[in-house]
Amino acid sequence: MQYRRRLRTRIIFSFFLLGFGLTALFALSSLYLRAKLEGQLIESTLQREVDNFVAQVRTNPQGTATFSMLSAKIWSTRNAYKMPLALQNLKTGVYDIEEVDGNGQLHRYKYAIRRDADLVSYVRYDVTSASLSEQRLVLLVIGAIAVFSLLAWLIGIWSSSRVISPVLELARRLRMMVGKESNQQLAPLFPDDEVGQLASALDDYSSRMTQIVRRDREFNADVSHELRTPLAVIRGATELLLANPDITEKMRQRLLRIDRAALQCTDLTTALLMLSRNERGMGSCDIAKLVRQLAEANRPHLANKPVEIFVEGLEGVIIEAPEAVLSVAIGNLLGNACKYTVEGEVRCRVEADHIAIEDTGPGLSTEDAERLFERGYRGSSVGNTTGGGIGLSIVRRLCELYGWKVSIAPREQGGAVAILRFS
């Protein structure tokens with residue numbers, strides 16, 4: 001099916017159909033006209049001969065009728081039964097009849113029969129040679145159709161190569177430009193025809209896209225760079241305040257919350273910068289340790305809800321990825337579980353190749369499970385919670401960058417389970 005959609009194939013097939021159709025139409029028209037004219041000529045000749053035959057018999061009953069290429073006989077109506085059986089019931093007209101001669105050879109005749117009140121006569125014309133000529137003509141016509149169709153096919157192949165070669169050259173140069181920072185202008189390499197106009201349009205589009213990508217990268221890099229400094233200042237000031245032994249416990253909790261928020265912003269900035277550059281960062285991370293830190297960071301959000309967070313599973317599981325990236329990916333999954341769970345528990349289980357986060361929240365439908373990782377989609381059971389539906393789309397993009405797999409599905413006991421696989 002894909003081969004049939006190719007432009008070159010369509011051109012070749014069009015030439016073939018055009019050549020075959022025109023040749024076949026001309027051949028069929030020629031055969032029809034030949035048969036029509038030949039039939040009319042023979043029938044008119046037979047009609048004249050039978051009339052002439054009857055006239056000769058009436059003028060000179062004892063004489064012998066003369067014909068050049070015909071044979072004829074005549075009977076009175078009283079002894080018409082002596083006619084050949086195949087002719088006895090035929091009315092006045094011209095008929096095609098096949099007969100076998102004494103040598104066993106089949107002959108094709110045209111009979112012109114005339115019935116009068118007193119006489120019944122026929123004139124016979126042998127058209128066997130004409131039939132054989134017609135068969136040979138049909139074979140010649142079929143051969144001509146095959147030859148001209150093949151010629152049209154070859155012309156189609158040649159023409160398609162001439163027509164498609166500029167397009168193929170344009171596609172080849174586009175493939176060569178993939179991954180290059182500086183794109184070569186294509187329009188000067190082609191004549192000012194349809195392909196040249198297409199190359200010019202591609203140059204304009206490439207230029208606009210290059211500018212957009214460059215601005216996007218510069219913006220991400222600038223934001224990342226400019227945010228790191230104030231975030232570092234916030235964390236430094238927080239550490240100094242936490243070192244003061246005179247602060248109250250309530251103030252200490254607030255400062256710890258500020259420090260965690262600053263760390264989360266730093267990790268998110270790092271992850272977004274990697275996504276914008278489409279490059280993997282280097283590093284390693286202890287998953288169990290990170291999950292415990294994220295669980296502690298989410299406990300303040302559960303202060304007014306009867307929900308417990310549990311961390312269980314293996315210790316010492318090391319994943320080759322920056323801690324900031326893993327913190328954003330796991331933090332979004334854990335944060336969603338804590339946000340939508342009204343009562344019960346959120347349980348994080350660390351395994352050798354994955355982490356599972358189960359909750360006892362309202363659960364989700366099959367449609368929500370399939371679309372939760374789409375940007376801007378929040379699901380049908382969000383309730384009065386806030387959010388733009390962006391966090392899980394960032395998780396999906398990070399998983400695509402690092403080759404991980406993430407999924408969220410409803411649990412049989414109620415709630416949902418999110419699984420992040422690292423292999």
Side-chain angles (χ1 to χ4, degrees), residues 235 238-239 242 252-253 255-272 274-275 280-303 305-341 343-361 372-373 391-392 394-423:
R235 294 199 67 191
T238 304
E239 290 178 0
L242 287 172
R252 181 178 297 276
Q253 294 300 323
L255 289 174
L256 288 174
R257 186 173 181 181
I258 293 173
D259 184 67
R260 287 192 296 265
L263 178 61
Q264 183 180 4
C265 288
T266 303
D267 293 341
L268 183 59
T269 301
T270 302
L272 293 177
M274 291 180 182
L275 285 177
R280 299 183 181 183
M282 302 300 294
S284 60
C285 176
D286 187 329
I287 292 296
K289 180 180 177 181
L290 176 63
V291 171
R292 283 194 293 269
Q293 294 175 357
L294 293 174
E296 291 299 323
N298 278 278
R299 289 188 193 279
H301 301 297
L302 303 175
K305 295 192 295 184
V307 179
E308 292 290 335
I309 301 180
F310 300 97
V311 178
E312 59 188 22
L314 302 178
E315 296 289 338
V317 177
I318 305 298
I319 300 299
E320 297 298 326
E323 182 176 337
V325 173
L326 288 166
S327 177
V328 172
I330 300 175
N332 271 289
L333 298 176
L334 182 57
N336 276 355
C338 295
K339 181 189 297 185
Y340 297 116
T341 302
E343 60 180 358
E345 65 181 26
V346 175
R347 189 173 297 273
C348 303
R349 187 175 69 256
V350 179
E351 301 291 347
D353 60 346
H354 72 275
I355 177 173
I357 302 174
E358 300 180 358
D359 63 67
T360 57
L372 275 180
F373 294 98
L392 290 181
I394 294 176
V395 175
R396 174 184 57 81
R397 292 167 59 195
L398 288 173
C399 290
E400 292 175 353
L401 179 62
Y402 283 87
W404 302 335
K405 295 181 181 179
V406 63
S407 63
I408 298 180
R411 294 174 65 227
E412 295 181 359
Q413 303 87 348
V417 54
I419 299 178
L420 177 60
R421 296 187 178 277
F422 305 108
S423 60

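Below, all heavy atoms of this structure are taken into account, side chains as well, without hydrogens, waters or symmetry copies.
With contacts defined as side-chain heavy-atom distances shorter than 4.5 Å, the pair Thr360/Tyr340 does not qualify. For the pair Leu333 and Leu420, the minimum side-chain heavy-atom distance is below 4.5 Å. For the pair Ile355 and Ile330, the minimum side-chain heavy-atom distance is below 4.5 Å. Within the 4.5 Å cutoff, the side chain of Arg421 has heavy atoms near those of the Asp353 side chain. The closest side-chain heavy-atom distance from Val317 to Asp286 is not below 4.5 Å. Glu312 has its side chain out of reach of Val350: every pair of non-hydrogen atoms, C-beta onward, lies at least 4.5 Å apart. Considering only heavy atoms from C-beta on, Val307 stays 4.5 Å or farther from Cys338 through its side chain.
The main-chain N or O of Leu294 is found under 3.5 Å from a side-chain atom of Asn298 such that the two form a donor-acceptor pair. A distance-only check finds no donor-acceptor pair linking the side chain of Arg347 to the backbone of Phe310 [under 3.5 Å].
Within the structure, salt bridge (charged side-chain N to carboxylate O under 4.0 Å, His left out) contacts touching residues 314-337 (residues at least two apart or in different chains) are Arg292-Glu315.
The structure places CG of Asn332 at 6.5 Å from CD1 of Ile394, a figure rounded to the nearest 0.5 Å. Once rounded to the nearest 0.5 Å, the distance linking CD1 of Ile309 with CG of Asp359 reads 11.0 Å. We find the CG-CG distance between Leu392 and Leu372 to be 6.0 Å, quoted to the nearest 0.5 Å. How far CD1 of Ile318 is from CZ of Phe422: 11.5 Å, rounded to the nearest 0.5 Å. Taking CG from Asp259 and CG from Leu255, the interatomic distance works out to 9.0 Å, rounded to the nearest 0.5 Å.
Listed here is the closest heavy atom pair of Arg235 and Ala262: CG-CB, 3.5 Å. Here the closest non-hydrogen pair linking Ala295 and Val311 is CB-CG2, 3.9 Å. Of all the heavy atoms in Ala337 and Ile357, the pair that sits closest is CB-CG2, 4.0 Å. Of all heavy-atom pairs spanning Ala356 and Ile419, the tightest one is CB-CG1, 4.2 Å. Smallest separation of non-hydrogen atoms from Ala271 and Val328: CB-CG2, 3.9 Å.
Glu400 has no carboxylate O lying under 4.0 Å from a charged side-chain N of Arg397, or vice versa, which leaves the two without a salt bridge.
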Exercise. Checking side-chain contact (heavy atoms from CB on, under 4.5 Å) for the pair Glu308/Val346: CA distance, chi angles, key distance, verdict?
Worked result: CA-CA 6 Å; Glu308 292 290 335; Val346 175; over 6 Å; no
Name each donor-acceptor pair under 3.5 Å that joins a side chain in residues 402-409 to protein atoms two or more places apart or in another chain, with its distance.
{"residue": "Tyr402", "atom": "OH", "partner": "Gly281", "partner atom": "N", "Å": "2.9"}

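Here the rule is side-chain contact (heavy atoms from CB on, under 4.5 Å) with Val417, and of Glu412, Glu358, Arg349 only Glu358 fits it.
Scored by the side chain to side chain contact (heavy atoms under 4.5 Å, CB included) test, Arg260 finds Leu256, Arg257, Ala297, Pro300 as partners (sequence neighbours excluded).
Heavy atoms of other residues, nucleotides or ligands lying less than 6.0 angstrom from CD of Glu345 number more than 12.
Side-chain polar atoms of Ser327 and Asp267 form a donor-acceptor pair below 3.5 angstrom.
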